[in-house]
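Beneath this line is the structure, given in structure tokens, with notes to follow.
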Amino acid sequence: MARYSRLPGSVALITLHNPPVNALSAAVRQGIVDAVQRALKDPKVTSVVICGQNGKFCGGADIREFAGPMSGPPLVPMIHAIEAVDKPVAAAIEGVALGGGLELALGCHYRIAHSKAVLGLPEVTLGLLPGAGGSQRLPRLIGLTAALDLITTGQPLDSRRLSTLPCPCPPDVDSLLDKVMSKVRQRSRGALAPVACVQALRAAASLPYAQGMEKERELMATLFNSGQARALQYAFFSQRVVGKWSLPSGASWDNSTARTISKAAVIGLGTMGRGIVVALALTGISVVAVETQEKQLAEASRVVPAMLQREAGRRRLATPPGVISFSSNLQDVSEVELVIEAVFEDMSLKLQVFKHLASVCRPGTLLCSNTSGLDIDQLAAVTQSPGLVVGMHFFAPAHVMKLLEVVYGPRSSPEAVATAMQLGKRMGKVGVAVGNCPGFVGNRMLKPYLEQANFLLEEGATPQQVDEALEEFGFPMGVFRMSDLSGLDVGWRIRKEAGLTGPGVESTRTRQGRRYSPLPDQMCEAGRLGQKTGKGWYQYDGPGGRVARSDPWVDIFLETYRAEHGLVARSITPEEILERCLYALINEGFNILQDAVAAGPEDIDAIYVFGYGWPRHRGGPMFHAGQVGLGRILERLNHHHSHPDVPHLKPSTLLRRLVAAGSPPVQKWREFINKERVHS
Ligand code: NAI
């Protein structure tokens, strides 16, 4: 027989009871069938354990039954039925699990055995084979070689100690490990942990257990000491911190209410608008997609549904995506609850669109802009409800990239910020609330980084040298490869609008009182806009080509430029490239913290990790600054700043103050900044 009992909680226990070894007699089989049925019917039972009375799981079939006609439920369907149960069933093996007993255990979903238990399939010694699924399930569990050994000899096994077993390997194990290692190295871009994992597995495959354990210990110690583990844990933590946003006004995630959006509109169906439409529709929101240029509208109506279908399939959506309707008429957005504007980066055009929206939309509609850095307050000012205007700054491609900067101005209401943050969350984004200033957080920090990269070209570096240093650091792409990908004309248009370049602007290396490099403008003037024209800082196979090759044209262009401006090329080390580019970016991060545009270093770091390819195993720029040492960053900034030709690296006041306060760890900066603010 088999006894059924409910353990405290939700586990049903089925105990086989048939002394001396709990053989699977007809009564025991019937008992098991009944007990399993009972466990299935009891809604309070969520899992089942099968064990044996008196410290013995089960010695197998009752051999005495072989002589006469079978009675009771047959073994094979009984074991099949156990395997098919949708509540997890575990075999708790003590003493013995032999023959049919082991086959019963193999039909369970999990097995746990006492260290002194003996397991085996001795059927072969009785002129049989394990005919209750043993010959089919065992090789699936332990592999063919081990199953062949056990089943053909019928020899019982002690309960397994994995540390005593050899590691089953394919014959070409070394080439397999080499292949995996080179793939992992390529993918991990300087992250140590994936490489160490392969090294540990190589040790398992090639060394005795004790030496393998020693290797594992060594590798673990290296990882602990590398600082990458701390950086990754910090990156994980900062993702959570940014969700708990707060505004200088005191409004925050826990005292503001978000509206739930079900109907939205997107204005402008270019690169960004299309991705935003898809991101919204994927959450089930119905979207009115507006575009004024006929050709763009026709293309978007064709491309966007295909993008949506592909993405919905990839994500295996539980609910159907929202309906998208395309229109060339802004009037059609009158019924939506939220609008995201994604027209050209042109303030006068955006002002015109916002004015129009304010007149068309019903009162209370949230008006958002995807601007990369224009003034949100100016847009808010042309509407009747400036409190309902925020920036929703997506990154390309908008349905894929995780980052969303939610930009608030002094007049943005907590409800508008809360709604944009919640919408970002629904779209699977990492939303970071940031203050309004040119470029917000991400692009504001990018500016000095790009500037330094251009200055380095003037001083003697090549685009490849700069990119290699940055890629070696862990960026997926160096700055020049990246600008070829996104198009050199994007920045060109912004600089023209800012009056930094264009007809009538004198071609000097100082503009608007600051050192300026006209190199990227001259590239654009030469028609080298990047991948789209097949030529940029690199050359490509043709327009739209993706494989970057160095271009002698660029070398000659740089040499000519230096000669024209009396610049003498010098040799530049990868260290200088990293210091000039990264410390410039980090320094701007300190300015941003000081200006309260970002609430804390975690916000900046999340922006860089999720939107700008900063290597996650380096935590983010502000975390990295802490790891390098704030004193060291300050010293190097001062060093470069003292050079007459590198004027943009004046160390931030906050950085100086932090160093003066003994360089507290990054986790303490927020508190430090708030205290300083109270005292100043
Ligand atoms: P785009 O040039 O690809 O698309 C802009 C679209 O807006 C065009 O199709 C144009 O016909 C349409 N448009 C212009 N005026 C319009 C109007 N009055 N009504 C409706 N549609 C109109 O530009 P992209 O790259 O999509 O950029 C859009 C916005 O997103 C800009 O503010 C840009 O700064 C920002 N952004 C761009 C990123 C990028 O990587 N391209 C990244 C993040 C933000």
Side-chain angles (χ1 to χ4, degrees), residues 265-279 287-304 307 325-333 336 339-361 367-376 378-379 382 389-407 424 429 432 434 438-444 446-447 450 477 482-498 529-532 607 610-613:
V266 176
I267 316 297
L269 302 179
T271 312
M272 294 306 290
R274 294 175 191 187
I276 298 170
V277 171
V278 172
V287 189
V288 181
V290 180
E291 166 65 54
T292 43
Q293 281 186 28
E294 209 177 299
K295 194 165 153 249
Q296 285 285 78
L297 182 64
E299 192 179 304
S301 319
R302 188 169 46 77
V303 170
V304 170
M307 280 165 72
S325 54
F326 293 90
S327 166
S328 59
N329 189 352
L330 206 65
Q331 216 67 31
D332 288 344
V333 308
V336 305
V339 181
I340 302 176
E341 164 278 309
V343 303
F344 302 126
E345 187 77 342
D346 172 337
M347 192 43 134
S348 54
L349 173 65
K350 285 191 194 277
L351 286 171
Q352 205 181 308
V353 170
F354 266 70
K355 267 189 217 155
H356 198 162
L357 285 171
S359 70
V360 168
C361 296
L367 301 182
C368 312
S369 174
N370 183 48
T371 171
S372 318
L374 296 177
D375 187 354
I376 293 295
Q378 228 181 307
L379 295 176
V382 298
V389 175
V390 287
M392 285 186 82
H393 182 205
F394 292 80
F395 289 75
H399 59 299
V400 176
M401 290 290 287
K402 294 280 273 182
L403 179 62
L404 174 70
E405 279 185 327
V406 172
V407 189
K429 307 285 179 206
V432 185
V434 300
F440 316 130
V441 170
N443 287 345
R444 175 169 159 183
L446 202 63
K447 195 168 168 244
L450 296 174
M477 254 186 227
M482 191 64 210
S483 68
D484 271 2
L485 174 72
S486 35
L488 272 71
D489 52 326
V490 178
W492 192 33
R493 211 172 302 137
I494 295 170
R495 291 190 297 277
K496 277 199 261 187
E497 183 143 344
L529 305 185
Q531 287 188 4
K532 62 175 119 177
I607 286 172
F610 290 104
Y612 291 83

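Whatever order the structure lists them in is the order used to number ligands and atoms, beginning at 1. Side-chain atoms are counted along with the backbone in the values below, which use heavy atoms only and exclude waters and symmetry mates. Keep in mind that what you see is a predicted model, and the values were worked out from it rather than measured. Quick note: residue numbers are just sequence positions, from 1.
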Residues K532, D484: salt bridge by 4.0 Å N-O rule: no
field: Electrostatic pair E345:R493 at N-O distance under 4.0 angstrom
entry: no
Atom 3 (O) of ligand 1: the protein heavy-atom neighbour that sits closest, reported with distance to 0.1 Å: T271 N, 3.0 Å
statement: What one should report as the nearest heavy-atom pair of S327 and D332 is OG-OD2, 2.7 Å
- request: Please work out whether any backbone atom (N, CA, C, O) or any side-chain heavy atom from C-beta onward of V353 is under 4.0 Å from ligand 1, and answer side chain, backbone, both or neither.
  value: side chain
query: Relative to ligand 1, is F395 under 4.0 angstrom through side chain, backbone, both or neither, heavy atoms considered?
result: neither
Per-atom contacts of ligand 1 with F394, taking only distances under 4.0 Å to non-hydrogen atoms: 42 (C), 43 (C), 44 (C)
query: Under 4.0 Å from any heavy atom of K350, which atoms of ligand 1 are there?
result: 31 (C), 32 (O)
Just go through [options] and tell me whose heavy atom is the nearest to [atom].
{"atom": "atom 28 (C) of ligand 1", "options": "L357, V343, N370, L330", "result": "V343"}
{"atom": "atom 5 (C) of ligand 1", "options": "G275, A342, S328", "result": "A342"}
{"atom": "atom 36 (N) of ligand 1", "options": "G611, S372, A396", "result": "S372"}

- request: Indicate yes or no: does an N/O atom of E345 lie under 3.5 Å from an N/O atom of ligand 1?
  value: yes
E341 heavy atom under 4.0 Å from ligand 1: no
